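Working notes, structure below.
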Amino acid sequence: MRIALIDANNFYVSCERLFRPELEGRPVVVLSNNDGCAVARSNEAKALGIQMGQPYFQWQELARKHQVVVLSSNYALYADLSNRFMEVLAQFSPVQEVYSIDESFLDLTGIAIDPLAMGRVLRERVRRWVGLPVCVGMGPSKTLAKLCNHFAKKRPEYDGVCDWESLSAVEQHRLLAETPVSALWGIGRRLGNRLEAMAVRTVAEFRAQDPGAIREHFGVTVARTQAELHGTSCLSLVEIQPPKQQIVSSRSFGRPVRSKASLREALTLYTTRAAEKLRREGQLAALVQVFVRTNPFRNQDPQYGRSVSIALRQATDDTGQLLAGALRGLDEIYREGFAYAKAGIMLSELRPRSLQCTDLFGSDRDRERREQLMGTLDAINRRYGKGTLGLDVAGLQSPRDWTMRRGNKSPSYTTCWAELPIVKA
DNA sequence: TCTGGGGTCCTAGGACCC
DNA sequence: TCTGGGGTCCTAGGACCC
């Protein structure tokens, strides 16, 4: 078994640099929604000490001093480049798992080429065809492929490609002994702390633990991780994404929201998005959950947060019916006098549309007409852009002062005609 | 003043059944 | 005084991922 994990370097930053090559060599940070936290950092920005997930206001001064280029996130651009990246990788193996927006596993078992040579070809191909820098890790299990990818990124001597089985036993052990256990895929901060409390600090020490004891104290997931480190593949590649079990749409507000009218408006937008996703997935939802909460970081302010589940009479993908449920939920949980910072909805108890039962209390003709309406809505929004047409059950009236802040977004270079980059001859 | 969003899986415990 | 055992389903909470 030979599994490769190909991962783009500082993905969002690399996407931005593709259209602004002058950012090469400079510290660049991409921010989360609402320009809240750092979610991608160039190597130069990492070297300045800006942490992943660190709130912008905490390093704003530092950024100014070192002329860091700070950008809002541009998901349309990243999603488009991600698709191109994945298509290029697909040419190297019939078995691919797209693991996240910037990572993919490939099964390279039985491919006769020298793995390191193969890794270098992969890197070069993505670099030339898509323009993104990537690193390649390979090993007999997903966990070892992930770990080797980590080495390929952190250790310049590997030049971006690291294969577990091409390493000598001495080298393997040295790497494991130099790597903290929390660098492992599946070992986060909590488990890392618990392991450390047992004097298990490095991957080498973790691998040497008694498997029975690991299973007993940490459960099957951690036991599998340990087995994978020994080269026993426990996790197979997921080639076809199983249908989603829940669909979430939520946002923090650009500024605190007090009125119910604004919350209704925000939830109308979130429900519209979630319903679109649901229809794209070909699923129906039977349960709508709504939540609102104040800002937990402002603990001097009165805090409130609640969620409620609304069971629908029948599973549906109709924006109107889902929205009616969501707004009924809001009526239940809204309390006056709080400064709300975030709201959202979750659709769950999903099932394929093909299993829809007929409604005892509604006519099929009504249903057909609603389905046509939703289909038309989706088609128009696909063609003319998100949000061109929507339902207004909430009665949109208040000024939309809650929408998110995105002060520094780059143009949608590849997904919007009006924002195509123009190259001057 | 300013702190993201969207997911999955596992486990423990209670309810319930025969 | 003695108070079964095994199984399933559901839910809440915890942990992880990017």
Side-chain angles (χ1 to χ4, degrees), chain A residues 5 7-12 29-41 50-61 63-64 70 72-75 78-79 82 97-105 142-143 146 149-150 181-195 215-225 234-235 238 241-256 266 270 273-274 277-278 281 287 289 291 293-301 307 309 311 339 341-350 403-408:
Chain A
L5 188 266
D7 184 328
N9 305 347
N10 317 328
F11 180 59
Y12 296 171
V29 178
V30 176
L31 300 173
S32 66
N33 279 334
N34 270 321
D35 294 345
C37 307
V39 289
R41 306 154 295 151
I50 298 167
Q51 301 296 311
M52 179 68 177
Q54 199 183 0
Y56 183 26
F57 73 90
Q58 287 179 5
W59 48 271
Q60 205 160 14
E61 202 43 51
R64 202 171 4 247
V70 181
S72 307
S73 37
N74 181 350
Y75 290 107
Y78 311 149
S82 174
E97 172 182 344
V98 176
Y99 179 66
S100 76
I101 192 162
D102 73 330
E103 275 175 71
S104 176
F105 289 102
K142 281 173 136 181
T143 301
K146 266 276 203 187
N149 188 282
H150 174 81
V181 69
S182 54
L184 278 174
W185 188 39
I187 308 293
R189 220 184 55 235
R190 298 295 181 88
L191 287 170
N193 288 343
R194 276 176 61 199
L195 285 162
R215 168 70 184 87
E216 192 185 333
H217 289 109
F218 296 95
V220 290
T221 317
V222 176
R224 271 201 287 260
T225 298
C234 307
L235 307 167
V238 183
Q241 284 309 312
K244 285 195 201 312
Q245 302 183 39
Q246 60 175 27
I247 289 172
V248 179
S249 176
S250 72
R251 288 278 177 287
S252 300
F253 302 128
R255 51 175 56 89
Y270 306 158
R273 290 281 163 276
K277 255 191 247 178
L278 186 65
E281 282 259 316
L287 195 71
Q289 287 158 280
F291 71 89
R293 66 162 175 76
T294 51
N295 185 345
F297 297 102
R298 294 188 55 95
N299 39 23
Q300 67 276 28
D301 288 357
S307 75
S309 303
K342 184 173 181 174
I345 81 145
M346 254 188 258
L347 305 179
S348 49
E349 291 190 12
L350 306 187
T403 52
M404 58 170 164
R405 296 182 303 270
R406 284 216 286 190
N408 249 331

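Since the model is a prediction, treat every value here as computed from it, not as a measurement. So that the names make sense, note that chain A is the first sequence line, chain B the second, and so on, each numbered from 1.
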message: Side-chain N or O of A/K342 versus OP1/OP2 of B/dG5: is the shortest distance under 4.0 Å?
response: yes
Atom OH of A/Y12 and atom P of B/dG4 are separated, to the nearest Å, by 15 Å
B/dC2 OP1/OP2 closer than 4.0 Å to side-chain N/O of A/R255 = no
Side chain to side chain donor-acceptor pair (under 3.5 Å) filter on A/T294, not counting sequence neighbours, yields A/Q303
| query | Is A/S100 near enough to C/dC17 that one of its side-chain N or O atoms lies under 4.0 angstrom from OP1 or OP2? | reply | no
Sequence neighbours excluded, the answer for side chain to side chain donor-acceptor pair (under 3.5 Å) partners of A/S307 is none
With sequence neighbours left out, the residues meeting side chain to side chain donor-acceptor pair (under 3.5 Å) with A/W59 are none
For A/R64, the salt bridge (Lys or Arg N to Asp or Glu O under 4.0 Å) test, sequence neighbours excluded, returns A/E61
What is the nucleic acid contact for A/L184, judged by heavy atoms within less than 4.0 Å: base, sugar-phosphate only, or nothing? sugar-phosphate
Exercise for review: Give a yes/no answer on whether the side chain of A/K146 brings an N or O atom under 4.0 Å of OP1 or OP2 in C/dC16.
Suggested key: no
Does A/R298 put a side-chain nitrogen or oxygen below 4.0 Å from OP1 or OP2 of B/dT1?
-> no
Output yes when at least one side-chain N/O atom of A/Q241 is less than 4.0 Å from OP1 or OP2 of B/dG7, else no. no
With sequence neighbours left out, the residues meeting salt bridge (Lys or Arg N to Asp or Glu O under 4.0 Å) with A/D35 are none
Under 4.0 Å between a side-chain N or O of A/S252 and OP1 or OP2 of B/dG5? yes
With sequence neighbours left out, the residues meeting side chain to side chain contact (heavy atoms under 4.5 Å, CB included) with A/V98 are A/M86, A/Q96
Salt bridge (Lys or Arg N to Asp or Glu O under 4.0 Å) filter on A/R273, not counting sequence neighbours, yields A/E276
Filtered N/O pairs between nucleotides 12-15 of chain C and protein, under 3.5 Å:
| unit_1 | atom_1 | unit_2 | atom_2 | d |
| --- | --- | --- | --- | --- |
| C/dA15 | OP2 | A/R190 | NH1 | 2.4 |

Hits for side chain to side chain donor-acceptor pair (under 3.5 Å) against A/N10, two or more places apart or cross-chain, chain-then-number order -> A/N43, A/K46
In DNA chain C, stems of three or more consecutive pairs, Watson-Crick or G-U, each with both distances under 3.5 Å, turn out to be B:5-18 with C:5-18
Worksheet item: Looking at A/F105, is A/K142 sitting on its ring face, NZ or CZ under 6.0 Å from the six-membered ring centre and within 45 degrees of the normal?
Response: yes
The salt bridge (Lys or Arg N to Asp or Glu O under 4.0 Å) partners of A/R190 (sequence neighbours excluded) come to none
Result for 5'-nearest mapping on DNA chain B, choosing between A/R293 and A/F218, is A/R293
Per the under-4.0 Å heavy-atom filter, residues of residues 50-61 of chain A near DNA chain B come out as A/P55, A/F57
Can a side chain N or O of A/R405 be found less than 4.0 Å away from OP1 or OP2 on B/dT1?
no
Reckon A/N33 touches a base, only the sugar-phosphate, or nothing at all at heavy-atom distances under 4.0 Å? sugar-phosphate
